[in-house]
There are 2 protein chains.
Amino acid sequence: MAIKPAKTMTLSDIARLAGVSESTASRALRDNPVINAQTRQKVQQIAADHQFKVNATARSLRTQKSHTIAVIILFDAKTQQAITDPFLLDILGVIADELTRQGYDMLLSSSKTTDKDWRSYYFDSKRADGLIIIGQGEHDERVEQLSNAGVPFVVWGAASGTEHFPVIGSDNRQGAQLAVAHLVSRGCKRIAFLGDIRHTEIEMRYLGYQDALQAAGIKAEPALQLNTDFTAQAGYLQTQQVLFNQLATLDGIFAASDAIAMGAMKALLEHNIKVPQQVALVGFDDIAMSAYCTPSLTTVKQDTHAGGKLLVAQLLSRINGNKATSQLLPVKLIERQSSLRSHTIAT
Amino acid sequence: MAIKPAKTMTLSDIARLAGVSESTASRALRDNPVINAQTRQKVQQIAADHQFKVNATARSLRTQKSHTIAVIILFDAKTQQAITDPFLLDILGVIADELTRQGYDMLLSSSKTTDKDWRSYYFDSKRADGLIIIGQGEHDERVEQLSNAGVPFVVWGAASGTEHFPVIGSDNRQGAQLAVAHLVSRGCKRIAFLGDIRHTEIEMRYLGYQDALQAAGIKAEPALQLNTDFTAQAGYLQTQQVLFNQLATLDGIFAASDAIAMGAMKALLEHNIKVPQQVALVGFDDIAMSAYCTPSLTTVKQDTHAGGKLLVAQLLSRINGNKATSQLLPVKLIERQSSLRSHTIAT
DNA sequence: TGCACTATTGCAATCGATTGCAATATCACC
DNA sequence: GGTGATATTGCAATCGATTGCAATAGTGCA
């Protein structure tokens, strides 16, 4: 029953078959009400019969709109690793769905591409109508430049307050504060922080960590604040390190991501340190695996669904000439086993 | 020092500024050797000064090539979940990098989009020059149809042998065989299989599982073969199930993915079953987290790097008029703690 | 019957770059 | 000086769809 793999049809073919002009055919296909209902139906029928699809390229050229959004994933300049954190995948999926729902295509740019000048490559060349920039990027001057160039874009991350572009992101500071306050409430007094504060988001989590300590009257110890990359491996190695130095008294760890937390947990367990009895552990992100490691990981859940939708909504609003505004999304502490202990227990 | 956000320049602007015709300008920018070296340099200089970027849309229209590849991620029709398996992200990253390297853009399609007719949407409309289809898809008649429609595309998955399109994928059968033979060599006799064999790839792993059992003279027990979705949760629930029924004697589990394996591990540990002493466990994929769970997970590593490169290479070859051929990639068993026991130990 | 007005449809320009072919300039060599 | 070959450059068509404006047909009303 399959219709022949029809040689590519153009609008002019359809017009000819329908016995109308190209303009009428074009209008009919776009449901322009000025076209007579019968004519419209006839044209649409013929187009459907021949599996005609508007040539997106020609349309884009004429309308000056690509109906495509470029999603750019920033990488750690140092590790240069490819998309790897499960959290990214999460939000990427939401964005993809939402863009599709809005009739936009999604151009995805990965590590190497970001060497290019995004503005030139995606925007000036008309490949995309706007940009969504994601990732635990460090301060990147390229982003600031974009905002001076009239390119519609939004960023997933943490607002520093000084930037001139819309940033959507979780309330990292509050999330961290919740997490660390939770550890404190479980009796932790010497709590390590694992994360790379050169990333704005992590910097915010670090501030939240300090907020909570201060609120509890605990003095922050620099030796417990470890610069840690975004990988389980980094979490593992840094935890070994801190254990080596602080073994006797460390009783809590706040990791800036679940991946880091899992690495940390591995190191703890290898040293026969009981989690959470001796050291309680909290992560950040609530990736799928967090519920299934042992002990399961207490963590801060980001609302990726709302985040993705908001990113898209704000960007499209910006593209349509309105303003896009920064927004902070609430987060939620998910308590699991890695911090499940009475606060009266001590080592 | 920033150059003004220059109003979009067109080729004709550049030509005028350089005092040459559009055709000369175009040729100069494309390094056409027929153009005088001085002219060429002058044009290129002017273009660079004004941050001129060729309008990709216009070029595509004229050349009839989009230089874009659509990557489509198939979903489980039942669970309808978004991209979630870390493994997908892995191979997606490789493909993205490789496409970029080859000068192609990547259009990513997620769940909802796949409701559409890919051929029409991506190919007929000239949005993409070719398709890469990824994911643990079940048999999907849409894919077969594509091959009759003259659309260049390649599939990541498992070749059934009867399909008429190029399939790149791991040697799932051998991988599973290695994994299960490994369990057998560790003394396992009653080995469960967790996976959804309606997915061709998983079906292959199931066959490998049977191969290994047969080679070891072990009779396969239907009660130990559990249909399991691609999630840690499914692995967890199914394992609870099998434990409930088979507690006394189950001594090994082969999970069709690492996510499933982690769910299984959780269930085992919750029942105070020692891994690997009482039940040894092997997964598939070698996702990043596998090395960092406790006990770390023995698994079968797929060569995503080679796979991604091959997918791209074969597709581009096909686009350039050559044939694309199916290929099976070798896999490797990664031994970690979840199966680390002497084969003489028994419960 | 005549005129204004509305409903439809078509003409032709346009989006921006690429390219086959023709045109011109330059040069070597007899 | 003449002739053919070679190096450069430009003209104009083309890719396929969209859209402002003009043209035509049809309708209602005086």
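Convention: sequence-line order gives letters A, B, ...; per-chain numbering from 1. What you see is a predicted model; the values in this text were computed from it and never measured.
- Atom CG of N32(A) is separated from atom P of dT18(D) by 11 Å (rounded to the nearest Å).
- For S26(B), a side-chain nitrogen or oxygen approaches OP1 or OP2 of dT18(C) to under 4.0 Å.
- Remark: R40(B) is not in phosphate contact with dT8(D), judged by side-chain N or O atoms under 4.0 Å from OP1 or OP2.
- Atom CD in Q64(B) sits about 10 Å away from atom P in dA17(D), given to the nearest Å.
- Among V94(B), T68(B), V312(B), the single residue meeting the side chain to side chain contact (heavy atoms under 4.5 Å, CB included) criterion with L99(B) is V312(B).
- In terms of position along DNA chain D, the nucleotide closest to N36(B) lies nearer the 5' end than the nucleotide closest to the other residue of the pair N36(B) and A58(B).
- Remark: C1' of dC15(D) and CG of D13(A) are 13 Å apart, rounded to the nearest angstrom.
- If you check distances only, the side chain of R27(A) does reach the base of dG10(C) with a donor-acceptor pair under 3.5 Å.
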How far apart are the C-alpha atoms of Y122(A) and D129(A), what are their side-chain angles, what is the distance that settles it, and do they pass the side-chain hydrogen bond (donor to acceptor under 3.5 Å, both in side chains) test?
CA-CA 8 Å; Y122(A) 289 109; D129(A) 296 338; over 6 Å; no
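- One can place CZ of R59(A) at 9 Å from P of dA17(D), the figure rounded to the nearest angstrom.
- Looking at which nucleotide of DNA chain C each of R62(B) and A25(A) is closest to, the 5′-most match is held by A25(A).
- Remark: S23(A) is not in phosphate contact with dT19(D), judged by side-chain N or O atoms under 4.0 Å from OP1 or OP2.
- Residue T39(B) is classed as a sugar-phosphate contact, given heavy-atom separations below 4.0 Å to backbone atoms only.
- Looking at T24(B) and S21(B), their side chains do bring a donor and an acceptor atom within 3.5 Å of each other.
- The interatomic distance linking F52(A) (CZ) with dA17(D) (C1') rounds to 8 Å, in whole Å.
- In this structure, L11(B) atom CG and dA12(D) atom C1' are separated by 15 Å, rounded to whole Å.
- Of the two residues contacting DNA chain D, namely L29(A) and I35(B), the nearest-nucleotide position lying further toward the 5' end is that of I35(B).
- Within the nucleic acid shown, V34(B) comes within 4.0 Å of at least one base atom, counting heavy atoms only.
- Dashed line: the shortest gap from a side-chain N or O of S21(B) to OP1 or OP2 of dG10(D) is under 4.0 Å.
- Proximity of T24(A) to the phosphate of dG10(C): a side-chain N or O atom is located under 4.0 Å from OP1 or OP2.
- With R127(A) contributing its side chain and Y121(A) its backbone, the two residues share a donor-acceptor pair below 3.5 Å.
- Nucleotide dT18(C) holds its C1' atom 10 Å from the CD atom of E22(B), rounded to whole Å.
- Between L61(A) atom CG and dG16(C) atom P the separation is 7 Å, expressed in whole Å.
- In terms of heavy-atom proximity, K126(A) sits nearest to T57(B) at O-OG1, 3.6 Å.
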